[in-house]
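In what follows, a single structure is set out as structure tokens and then discussed.
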Amino acid sequence: MHTVFCSPSRYTQGSNSTLSLGKEMATLGLGGPALVVAGNSAITLLSETWRLSLGEAGFDFQVYRFGGECSIAEIERVKRQAREQSARVIVGAGGGKVLDTARAAAADLDLPVVNCPTVASSDAPCSALSVIYTDDGAFLEYRIYGKNPDLVLVDTQVIAQSPPRLLVAGMGDALATWFEAKTCVEGGVRNMRGGRSSQSALALAELCYRILLRDGVDALAALRNQSPTPALDRLVEANTLLSGLGFESSGLAAAHAVHNGLTAVPHTHSYFHGEKVAYGVLVQLVLEKKPHSLVEEVLDFATKVGLPTTLAAIGLGELTGEMQNQIAARSTAPGETIHNEPFKVEARMVAEAIRAADALGREWQRNHGVSVAG
Ligand SMILES: [Zn+2]
């Protein structure tokens, strides 16, 4: 097995970096017309800047308003619009699902893709894969592409205006990176690109975790004040670049598989990817029988930034046996990344670990005087 490391061709991050979007695209040899697939808040915040930045660089462009779900039907709608416009590049601007949709459409049409995340809520922007959902929001499949985005451009001034809960969700997604990477590397399994993980990818995953612990709380405070600070800058890099490179070049394990399992129950649909992944991290730590000190470090961090540590905090306060089995079955479906764990994982073990993680979270809350969410 060869060592494979992958990344976007370019990553640009900074305050008001959207003003450089057109120039960056031209520098990379990309040409118009461009189709900008954008979420509502991206359209409100950035339309004028796109006009300036893309206009100055000579790009004709049209904006497609994202329909809300990264589903097969939505991807087809974007492709139709791109064909009608004879687009030569697709720019995704918005949250993870917008970017996933833009990447899926670009891959199908064999077009270059630019990702401009307006929130730091997941590790999706840098990756060469999309998570496809049904129109109702249940996990359907991963789609893996030949190459990573041509450009990922992160405007921290825009991120600073995003809802705090989304930054926290991004921390939940990033929280999984180091634990899943380590499990995959220790087990010698293939990474998301089918190769062996590199020392570089593992080092980036560990750095990601260290930045979360050090800067997570301060970054959240900066976001609440809507002003970029060095801590927010570092945290956005951890959530977006380090988490993305770490998971893709090292691999996923139980945490993300449990996330996929949780989406099988509609009660969790109003919670973000990273929130469910954070709960998946606790389940992974239980499955792997990690030392209590490490579990406490994670519980402490999660509580400080407001990530869920109990079933009630992801909508499963009234978890029935049937729901529990449904989640466990989906988490351990054939091909799931839970099978990257170094031991055989059966549905029954996941069902038990889901309850055990909840008990740990509730006990920790009781011992630290945290009022329990309903
Ligand atoms: Zn993720």
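Below, all heavy atoms of this structure are taken into account, side chains as well, without hydrogens, waters or symmetry copies. Remember, it's 1-based here, ligands and their atoms both numbered in the order they're listed. All values derive from a computational prediction rather than experimental measurement.
There is no side-chain donor-acceptor pair under 3.5 Å between Y11 and N148. Side-chain atoms of Y133 and E74 include no donor-acceptor pair closer than 3.5 Å. Side-chain polar atoms of T310 and Q365 form no donor-acceptor pair below 3.5 angstrom. Q62 and Q81 are linked by a side-chain donor-acceptor pair at a separation below 3.5 angstrom, with hydrogens and angles left out of the test.
The Zn ion (ligand 1) lies closest to atom OD1 when only the N/O/S atoms of D173 are considered. Within H273, the N/O/S atom positioned nearest the Zn ion (ligand 1) carries the name NE2.
Contact annotation: H256 places an N, O or S atom under 2.8 Å from the Zn ion (ligand 1).
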